[in-house]
Amino acid sequence: MKREIKFSLVFRDMWQSAGKYVPRVDQLVKVAPAIIEMGCFARVETNGGGFEQVNLLFGENPNKAVREWTKPFHEAGIQTHMLDRALNGLRMSPVPADVRQLFYKVKKAQGTDITRTFCGLNDTRNIIPSITYAHEAGMISQCSLCITFSPVHTVEYYVDMAKTLIEAGADEICIKDMAGIGRPVSLGKIVAGIKQIKDIPVQYHSHAGPGFNMASILEVCEAGCDYIDVGMEPLSWGTGHADLISVQAMLKDAGFQVPEINMEAYMKVRALIQEFMDDFLGLYISPRNRLMNSLLIAPGLPGGMMGSLMADLESNLESINKYKAKRNLPFMKQDELLIKLFNEVAYVWPRVGYPPLVTPFSQYVKNLAMMNVIAMEKGKERWGMIADDIWDMLLGKAGKLPGQLAPEIIEKADREGRKFFTGNPQDNYPDALDKYRKLMKENKWELGEDDEELFEYAMHPAQYEAYMSGKAKEDFLEDVEKRRAERDRSPLDDAKPKTLTVQVDGQAYRVTVAYGDIDLPASATEKVTSHIGEGQDVPAPLEGKFFLTKNAQETPVKVGDKVKKGDLLCYIEAMKTYNAIRADFDGTVTAICLNSGDSVSEDDVLMKIG
């Protein structure tokens, strides 16, 4: 009999890889006892990354959710682990050092045992502080190698990276094959190389989509891996993870010691997952995410991102087809857009320095590719819209890129007066907790047990404010109802009268549109007389959510403020990045047409400048 292999259920990532959201806290607490009853898991991934923000969007307190969710696993002796994005903490943008340190104190107090820290650039300077923070908080520090396949990312590259992290005090190493494109034999060599440095616990995480990961699991186990991340039906395979049952059967046949599965409990968990999907979560899961797709090998997009990508693709396609409709051009189909996106990712990725395609850099590369595709479909050039956070990656402010930037990117940076940075990335982001303490005091908000509310506000300022105001929950419930209505819509609904606002010679009118003959009330065509401010419109260049600022360090623009061409006006948050909207001309802000957090469509008026 060979060595023992232990299993970890990546419950959070199963959901994130399938769609946009994870279950509510009441659902999490309901499923936990059945997961424990399965009797085969040494570890369960309970939180981290998108999990915290999802709770805020639900209108739930994420701190309460983590405490309730981890508690039953602790009582059962099962370790809990979570993701930490190193410099980015639990969000898409960099986090000050004092907030990162508080993060560890809070998560340990809430019941999380292990933090799986990764840097999307594999820059060990971003990871090593988290080792110290974890040990200070009494947590296990598991450091990740983000696996990708490029001329830069060799076996030697990864073994050297592991050596640096082990020497810095890492307790464990995770082979984070987030896109499932690691080649099995190479992965086995990486694990063997790590074990030669030190007999340290190694955990393998992979996604099923491209088709390599069952072979990869067998190779890493033969090379000395200790823990394997698994998923389970109905959220395994596709953009998700290999299924527990298949992995267990394969490893048992190979002679490894593996735990037995309580199949009655497995079916219970499976039924609960389906129940949660039928409730509302399935509204955010594309059926395509159940499919394996070898086309994923070339772009290398991670499974954790593919779930949200398929949801975003609908709005991106709508934006393109609105443009085409105005010009009587043939509409694009979703499959066409997906192939164009994959091809553009393959074009963009080497030109932006081969960042491993993992959060947030997978989103950055995908967003750049998507913006390029949308621009080119609308007759514009590549690289027109690059968000500030993406510029930070390109300029070195987020860490050192593994490869070289293309001349066209360097030339664009020079034209726009952007400076490259070679120092320690954390130095760009000064401590911020005192500022957030002051804001919470002004708002009469409690700092929370173990300062956990302070942490939440400092980590997710815009989402936390929307949560506290109740707007987040209102928007979420409205979106759920909209999606349910679309799912249940009858073809007859298309024939019902609809009220639209149209402009004729610059004047707005409300009109009712219907098929066939109907009796219209006298007010069916109504002149819209309300005008706010005068001046030129500042239109939205893309669809998303409107925000005046993205953190507490920024001062929002107000009506009456004078602005110059190039000044920052606001942001549109789209596809998990904040896109800066800048003034195209000098003038005075005469109107702000939206509230922070409002949804906007392309060409909606954001502000007026006179």
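All of these numbers come straight from a predicted model, not from anything done at the bench. In this chain, residues are counted from 1 in sequence order.
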Problem set entry | Worked verdict on His74 versus Thr80 for side chain to side chain contact (heavy atoms under 4.5 Å, CB included) | CA-CA 8 Å; His74 271 195; Thr80 58; 3.8 Å; yes
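- At distances below 3.5 Å, not a single donor-acceptor pair connects side-chain atoms of Arg85 with backbone N or O atoms of Gly120.
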Problem set entry | Glu344 and Asn372: CA distance, side-chain angles, deciding distance, side-chain hydrogen bond (donor to acceptor under 3.5 Å, both in side chains) verdict | CA-CA 8 Å; Glu344 188 65 16; Asn372 285 352; 3.1 Å; yes
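- Nearest heavy-atom pair across Ile147 and Tyr158 is CA-OH, 3.3 Å.
- Here the side chains of Ile245 and Glu233 are not in contact, with every heavy-atom distance at 4.5 Å or above.
- Here the shortest heavy-atom pairing between Arg125 and Thr422 reads NH1-O, 3.9 Å.
- The shortest side-chain heavy-atom distance between Trp15 and Ile273 falls under the 4.5 Å cut-off.
- Formation of a donor-acceptor pair under 3.5 Å by the Gln27 side chain with backbone atoms of Arg24 is found in this model.
- Side-chain contact check for Leu28 versus Glu68: every heavy-atom pair is 4.5 Å or farther apart.
- At least one donor-acceptor pair closer than 3.5 Å links the side chain of Thr70 to the backbone N or O of Val66.
- Residues Lys252 and Glu260 are paired through a salt bridge, judged by an N-O separation under 4.0 Å between the basic side chain and the carboxylate.
- In this structure, the side chains of Met232 and Met38 come closer than 4.5 Å at one or more pairs of heavy atoms.
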Exercise. Do Lys366 and Gln363 pass the side-chain hydrogen bond (donor to acceptor under 3.5 Å, both in side chains) test, and can you show the C-alpha distance, the side-chain angles, and the key distance before you say yes or no?
Worked result: CA-CA 5 Å; Lys366 181 267 292 183; Gln363 279 86 348; over 6 Å; no
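- Side-chain N or O atoms of Ser144 include one that pairs as donor or acceptor with a backbone N or O of Thr117 at under 3.5 Å.
- Side-chain N or O atoms of Arg91 include one that pairs as donor or acceptor with a backbone N or O of Pro94 at under 3.5 Å.
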Distance-only check: which donor-acceptor pairs under 3.5 Å involve side-chain atoms of residues 131-141, not counting sequence neighbours?
residue	atom	partner	partner atom	Å
His135	NE2	Asp171	OD1	3.4
His135	NE2	Asp171	OD2	2.8
Glu136	OE1	Gln101	NE2	2.9

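- Relative to the six-membered ring of Phe118, Lys176 meets both conditions, a distance below 6.0 Å and an angle of at most 45° to the axis.
- Side chain of Ser246 to main chain of Ala242: no donor-acceptor pair is present (N/O by atom type, distance under 3.5 Å, no hydrogens or angles).
- Between Asp13 and Arg116 there is no salt bridge, since none of the side-chain N atoms of the basic residue sits less than 4.0 Å from a carboxylate O of the acidic one.
- Side-chain contact between Leu90 and Phe455 is present, with at least one heavy-atom pair separated by less than 4.5 Å.
- A centroid separation of less than 6.0 Å is found between the aromatic rings of Tyr21 and Tyr284.
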For this session: Start with the C-alpha gap between His241 and Asn213, add the side-chain angles, then the distance that decides, and say whether side-chain hydrogen bond (donor to acceptor under 3.5 Å, both in side chains) holds.
Result: CA-CA 8 Å; His241 315 81; Asn213 84 326; over 6 Å; no
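- Of the possible donor and acceptor atoms, none in the side chain of Gln203 sits under 3.5 Å from a partner among the backbone N and O of Gln142.
- Put simply, the side chain of Asp243 never gets that close to the backbone of Ser236: no donor and acceptor are under 3.5 Å apart.
- By the 6.0 Å and 45° rule, Arg351 stacks over the aromatic ring of Tyr347.
- In this structure, Arg43 satisfies the cation-pi test against Tyr227, with its NZ or CZ atom closer than 6.0 Å to the six-membered ring centre and inside 45 degrees of the ring normal.
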Exercise. Taking it one step at a time, do Arg270 and Gln274 satisfy side-chain hydrogen bond (donor to acceptor under 3.5 Å, both in side chains)?
Worked result: CA-CA 6 Å; Arg270 188 178 185 278; Gln274 188 62 54; over 6 Å; no
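- In this structure the side chain of Asp226 never reaches within 4.5 angstrom of the side chain of Tyr204, judged on heavy atoms.
- The pair Glu336-Lys340 fails the salt-bridge criterion, with no side-chain N (NZ, NE, NH1 or NH2) lying under 4.0 Å from an Asp/Glu carboxylate O.
- Asp335 and Lys333 are not joined by a salt bridge, as no carboxylate oxygen comes within less than 4.0 angstrom of a charged side-chain nitrogen.
- A salt bridge links Glu222 to Lys2: one of the charged nitrogens lies within less than 4.0 Å of a carboxylate oxygen.
- No donor-acceptor pair closer than 3.5 Å links the side chain of Ser206 to the backbone N or O of Ile217.
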Could you pull out every donor-acceptor pair under 3.5 Å between side chains of residues 182-190 and any protein atom, sequence neighbours left out?
residue	atom	partner	partner atom	Å
Arg183	NH1	Ile181	O	2.7

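- By the ring-ring contact (aromatic ring centres under 6.0 Å, His included) test, Tyr157 pairs with His153, sequence neighbours left out.
- Atoms CD1 and CD1, on Ile173 and Ile166 in that order, are 4.5 Å from each other to the nearest 0.5 Å.
- Side-chain atoms of Trp69 do not come within 3.5 Å of backbone N or O of Val25 as any donor-acceptor pair.
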For this session: In sequence, state the C-alpha distance, the side-chain angles, and the governing distance for Trp383 and Val348, and then conclude on side chain to side chain contact (heavy atoms under 4.5 Å, CB included).
Result: CA-CA 10 Å; Trp383 315 117; Val348 166; 3.8 Å; yes
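- You'll find the side chain of Ser8 stays beyond 4.5 Å of the side chain of Val230, heavy atoms only.
- At least one side-chain heavy atom of Asn126 sits under 4.5 Å from a side-chain heavy atom of Pro425.
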